[in-house]
Structure formats: structure tokens, C-alpha cells
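Heads up: the structure comes next, in C-alpha cells.
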2 protein chains.
Amino acid sequence: MSGERPTLADVARRAGVSPSTASLALNDSGPVSAATRVRVEAAAQELGYAGPDPRARSLRRGRSGIVGVVLEDSLRDAFRDPMNVLMLDGIADVTGPAGNSLLLITERAGGPSSLVDAPIDAVVLFGCSPRVDDKVAVVRRRGLPIVSIEGEPADGVVDVGLDNREATRALAQHLRDLGHRDVALVTLELDRERRHRLLTPDLIGRATTYTAVERMKGAFEVFPEARGFATLGSTIDEGLVAGRELLADTAHRPTAIIGQSDLLATGVIRAAAELGLRVPDDLSVVGFDGVRVDDPAADGLTTMVQPAIAKGQAAGRAVLGLLAGEEVPSVSFTSEFRRGRTTASPAASASAGSAARA
Amino acid sequence: MSGERPTLADVARRAGVSPSTASLALNDSGPVSAATRVRVEAAAQELGYAGPDPRARSLRRGRSGIVGVVLEDSLRDAFRDPMNVLMLDGIADVTGPAGNSLLLITERAGGPSSLVDAPIDAVVLFGCSPRVDDKVAVVRRRGLPIVSIEGEPADGVVDVGLDNREATRALAQHLRDLGHRDVALVTLELDRERRHRLLTPDLIGRATTYTAVERMKGAFEVFPEARGFATLGSTIDEGLVAGRELLADTAHRPTAIIGQSDLLATGVIRAAAELGLRVPDDLSVVGFDGVRVDDPAADGLTTMVQPAIAKGQAAGRAVLGLLAGEEVPSVSFTSEFRRGRTTASPAASASAGSAARA
DNA sequence: CTGAAAGCGCTTACAG
DNA sequence: CTGAAAGCGCTTACAG
């Protein structure tokens, strides 16, 4: 350790030129004689100059080259959902080559808020609710461009959306067309209370998670009376819990279940298997996302395929556009229906059950 | 948009004080009269001052409050392994409250390297091979503290290690004690070539992934002749592929398989099930990590439990210590054996097979 | 308690 | 082609 890191001034002194010239030589950003350039480069080499201090450069340039990615949950929870990872990867696909790295920002209660502090040039909101959220206010005050992914429409926020409502409506309609009448929902987390429980009108009314709410609305358009279970998020385990709960009452068992993600749907299928129910003969199950799930139970799942990576890339492009001062429109992606082998017409016995109840 | 973001100077001017005084008032970092403080705060409020520009502050202070996390793979690949997510979360546990956020750095070939450019105060290397790696050289040149997680010992790098070799040796010994003699390995990725294939001496010789190599060595200490299959990384799918490959030849089937991760072991168990083999009756399987796998095949897996979150937290503490100028020692964590229901003595038939071969 | 000054390390017009 | 100067926005000794 030579103690202090050499600066551009050190290099210039050693090369016997002014700092300005050294800067031009090293950055190739102005006319410099070959001889001078060689001398400066040699000096930099000898001193072990590691390039300009990014802090100084970013102050001078007004850019840090860092994009903040704001996640609601702990990293652990956020990355458990493969969609989030894919979207993050999509963002990096675009921002990385443009010289921007991603800063992870999770807002834990208490502690310093990096949303206020961090040297970021822009922000991408992940699974947040921009409208409700005071995070947006903070960022807006700083004058940073904001991009949200599947965010509730909010002023000054460019959104990368998904047809959550319409897509879920299509799934529900698919079930209805097959003859299902008694359908239950398994939702993503509806609020930040970290409790999973049966859906109640009260709970629905207070739900804050935009994506989950939109998907729920789509289902209700077709099955206004649907029961449901709100989970803690997109995992197979949560789907299993939900499935057990919804399928427990044999006298009042739905003939189909709409999972708000493929992982949840996979868990439901496991629950069905536990109870000796065959899918799709005794129970139809649909998911959402179209992600590859490492589980045989997920094979041939009927679902809506969403373009997660493309969404991330779009968010990345939106960030770059805003940073370039362009007018950037919100965009909305469309999911694609994928018919699998987990949906069929309800069994006669189920219909009989309904009839008996009537 | 009011055009320009207000600066401290603007606030000072409006409050009728000097910038120095405004700074002291806003940061509570010096003696300021109550009246002045009120005036400055009011001015800040009126102007919508969003706090000090982090770029300027970090230049002045010589700290950006950002810790770089260097991942070998794409984010998608890195976060597929739950261990990495847990460790990352552990780092954030410690660095977050201290006011540091995490910057994701993945070195894709070509493109600007944020390892050179980014305003980071320190670096944590994830699943890299510090000794071999030129990344370390870059960071060292910048004079930044470096912490590696399960890195090969390297000068000036504080490591957070795990007893990979010894732990795997213990697993292997467990199998040997049960009577197994014909054991196969399923390894994590051994190099960056993105091909999965059977282990060969050549491949083993060129392996660069420290963790995988250490675990392999531990197994070889007990079973020097073990065959094996090198995967693309810790996923159930890769374990499935490996299992199929290793179990395909009925004449030469191992009686036990050592997976280098629980996900790989889970895949192996699935492969066994496909072939009609019962675990542990026909095949013993062990894993590594002790992670919760969302899969019934993983229930009761015999494995070594490693403290992933604690490792991340230790890495976070090491970073903070180095930033504080302390002498920070490398540390090594110990895994804990967990006997499950996936290991047993080899069946008589298998022994017979060996006998027949002899 | 308050202000003038220096400086963090760099880049970029602007003269020469 | 080269250098002196200004300035990015802030913080921190140092006088007063």
C-alpha cells in the first residue's frame, strides 16, 4: 500500500504537463500531441493511476451511472419470485451496456434511506404502488426520473405495464367456457401485513398491491362470487397452503382454481394431489407468468405467459430515454394464453354436487 | 418541473446566511442559533431542497456509501441459487443499517466495466476465484477493500469461508460407514464453459470454481475412484440431468450419489424416481446447503447445513471493518451434518452386483 | 454563533 | 497543441 491513491494531478505533475492536458490525453477527448500522450500514459502507468475518481467525475458530469432499483421486500423475498429476477436481468441487459449499474434499494423501516442518500440518476420501482407511496414523493423531490413496473398510474411516472386484468379475465373465461361455475382465487400478497388468509370484502377493499388487485378484478369480471385466499407471495409453499385451505371443505369445493402465479398454481396442484384429487379431472388449475418451474406438478400448466425479460428491457430503455431527456411514453405488454393439460370441463360429480346444493 | 434542482447555496441565499451556516443548520453538525436554524429550514422547505447532492457529498467525504457485489454470472443465473440470495440478504442486513447500499456488478464481456467506473467504497466477491481473477487486480489498483465469499486465498483479500472440503468429506464418510463403495458425484459448475458433462481427469485438472473443487476434493478423500458429472450450476433440472446420466447404466450403477447442493440432490432423487429406484433403499443421496427446497423429493434430505445468512452478515461486517480501517481477519464457517431419510446401507442386490463384477 | 476560504478530483470551455 | 481558470455542490477546519 503506497498510502494514497494517485490523482490526475499527480500524473500530470509527473508527466510535466497541466492537469487539463493530462485529462485530455487520458480520456482521448481533445487534441494532444503524440509525444505528450505517451508521456502522460507512462506517468499514469508508473504511478498506478487507476483512472478518474468516480465520485469526482460524477459530480462534474452530473451523472453517477447508477440506477436505483426499489424493491418492497427484503432481497430474499423479492428474488424468490423468478419474475422479479428476470425483470431485473432485463433491465441490466439494457442499462449495463450503456454504462449504468443497478443499486438495490430496499426500504427497511428505520435506518438511513438510500432513496434519499444514494447517488443515483434514476429509479425503477418494482412491485410498488407509486400512487400510494411516499417513496415516489422523495424521488420526485430529488428530480430523478422514475419508471415503474406494473405500477398504478401516477403523475410523472413512466410505467411498464402488463395486461393483468384482461389476461386474468381471459383465463377465467376459459374456465367458464369449459363449464366451471364454482371457481376460487389464490392471490399474490394483497398488502404489506404479512398474513395469509381467506379473502374478505374488507381485505379486498384495503388491498394495495396493484398487480394482485388487477388480476383479482379480471377474475371477478367473470366470477363475481369467487372465493379466494390471499397468500404471502409467489411461492409453491404458499400455493400449497392456499390449496389445502380452499379444497378442505369437501361439501363446498371449487371445481377450478385461479392461481395468480405459476408457483402458486403449482402449490395448489400439490395440495390437490395430497387430497387425492386429479388435475384436471377433479380440479382445473390455471397459473400466471409462464415461467419454467422446476417441478413435475407444474408440467403442462395452463397459464398466461408474460414477457418478463422484455418488460425489464423496456424499463431499462425507458430509463435511458428519460436520462437522455426524451419524452418517454408508458408501455403495456400483453400476455399470451397457453393452454396446458391442467384445465378441463368439471366432472359430472362436481356438477351433481352443485345441483344437489341448489 | 421548476427546471433546476435547488442547491445548498440557493437555500443559504434565501435564508440570508452563508452556505457554511446553512450546511451546519441542515446537518445539525455545529452550533447554530435557533432562529437561524428555523430560517434555514424554512428556506429549504420553500425551495423544495431535497437534501445534499450525494455526488458532491461523496466527493467531499471520500465515501459513496455503496458496496459493490461482484457476481460471475448473469443476475438470472446468480439468483437461481438460493444460497446467493441468502448471502446477499445477509450482507444487506449489516451494510444497510450502516448506510451502505449494494451495487450489482456482473462482468459481461465487452461493455464498460463498472468495477473500474462505479463509485464504490468496497467490493464483495461472490463465487469468484480471486487468485486467478483479473477482477481483483482492477479493484486492488483502485485501492478498495475486498472481501470474498468462499474465495481461494489471495493476498489482501479478506475471505468468508466455509468448510467445504471437510464437510463433504464427512458426508462421504457417512456413506462409506453405511457400506457404500461405489459412489458418484454431481458437482456445481467447474468452469465457465457452460457445458455439463461427465467428470474427466482433464476437466478436474482445469476446474476453476473454488467451492466446487473443494467439495470435490473432500469426496475424493474418501472415494478416490468416484465417477461424477459436472453440471451448469445449482438447479433441480441440472441434478435431474446428472442423475439420469449417472444412473442410466444399470450394469454400473452407483449405490450412492453426492450432490454438491440440495437442489442438485433433489434432481438426482427425481431421476431415481423416474427409473423406479427407491431412495434410500436402492440409492442413497446426499446434498449440501440445508436450504428449504419447495419440493417433496427434497423432504428429509441428508445434507450439510451451511449458515448462508450468517456468512453474508460476516461479509457485511468485514466490509464495515475494512472501511473503518480495522484489521479484519478472514473467517471460516462450519457446516452441520443433518441426517435425513435419504441415506441407508446399500441394498443386498447392489452388493451382489459389486460381487458379481469382481 | 457566523462567514470566508479552501478543497474533495475531475472536466470543460476559453485563451493563447 | 497546451495551460490557467472556473466550477460541479458540498463540508470542514479556521477566524472572527
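All chains are named by letter (A, B, ...) in the order of the sequence lines, taking the proteins before the strands, and each is independently numbered beginning at 1. Only a predicted model underlies this, so the values are computations on that prediction, with no experimental measurement involved.
When distances run from any side-chain atom of A:T7 to the nucleotides C:dT11, C:dG9, D:dA4, the shortest one goes to C:dG9. The side chain of B:S23 approaches D:dT11 more closely than any other nucleotide in the set D:dT11, D:dG9, D:dA5. Of the candidate nucleotides C:dT11, C:dC1, D:dG9, C:dC1 has the atom lying nearest to any side-chain atom of B:T36. The side chain of B:V32 lies closest to C:dT2 when the candidates are C:dT12, C:dT2, D:dC1. Proximity note for B:L8 (side chain, C-beta onward) versus D:dG9, C:dT11, D:dT11: the nearest is D:dT11. Considering only side-chain atoms of A:L24, the nucleotide from D:dT2, C:dG3, D:dA5 that sits closest is D:dT2. Set against C:dG3, D:dC10, C:dC1, the side chain of B:T21 has C:dG3 as its closest nucleotide. Distances from the side chain of A:A56 to the nucleotides D:dT2, C:dC10, D:dG9 place C:dC10 closest. Minimum atom distance to the side chain of B:S33 is reached by C:dT2, of the listed D:dA4, D:dT2, C:dT2.
Following rounding to the nearest Å, B:R13 (CZ) and D:dC10 (C1') show an atom-to-atom distance of 14 Å. In this structure, A:L59 atom CG and D:dG9 atom C1' are separated by 6 Å, rounded to whole Å. Taking atom CZ of B:R63 as the reference point, atom C1' of C:dG9 lies 17 Å away to the nearest angstrom. In this structure, B:R60 places its CZ atom 16 Å from P of C:dC10, rounding to the nearest Å. Rounding to whole angstrom units, CZ of residue A:R142 and P of D:dG9 are separated by 14 Å. Atom pair B:R61:CZ and D:dC8:P shows a separation of 20 Å (rounding to whole Å applied). Taking atom CZ of residue B:R5 and atom P of nucleotide D:dC8, one finds them 14 Å apart after rounding to whole Å. Between the P atom of D:dT11 and the CZ atom of A:R55 lies a distance of 15 Å, rounded to the nearest Å.
Applying the Watson-Crick and G-U wobble criteria (two distances, each under 3.5 Å), D:dA13 pairs with nothing in any strand. Pairing for D:dA4 is absent, with no Watson-Crick or G-U wobble pair whose two atom distances lie under 3.5 Å.
Both B:N27 and A:R39 sit near DNA chain D, but only A:R39 has its closest nucleotide nearer the 5' end.
Going from atom CG of B:L103 over to atom OG of B:S114 covers 6.0 Å, rounded to the nearest 0.5 Å.
Side-chain contact of A:E189 with A:T209: a donor-acceptor pair under 3.5 Å is absent, judged by distance alone. Judged purely by distance below 3.5 Å, without hydrogens or angles, the side chains of B:D191 and B:T208 never pair a donor atom with an acceptor atom.
B:P52 comes within 4.0 angstrom of the backbone, heavy atoms only, and of no base.
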Worksheet entry | Derivation of the side chain to side chain contact (heavy atoms under 4.5 Å, CB included) call for B:F79 and A:N84 | CA-CA 10 Å; B:F79 293 152; A:N84 285 340; over 6 Å; no

Item to complete: Please step through side chain to side chain contact (heavy atoms under 4.5 Å, CB included) for the pair A:V70 and A:V124, ending with a clear verdict.
Response: CA-CA 6 Å; A:V70 182; A:V124 179; over 6 Å; no

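Of the candidates B:V319, B:V94, B:I120, B:V319 is the only one forming a side-chain contact (heavy atoms from CB on, under 4.5 Å) with B:V67.
Put simply, B:Y49 has no side-chain N or O that comes within less than 4.0 Å of OP1 or OP2 on D:dG9.
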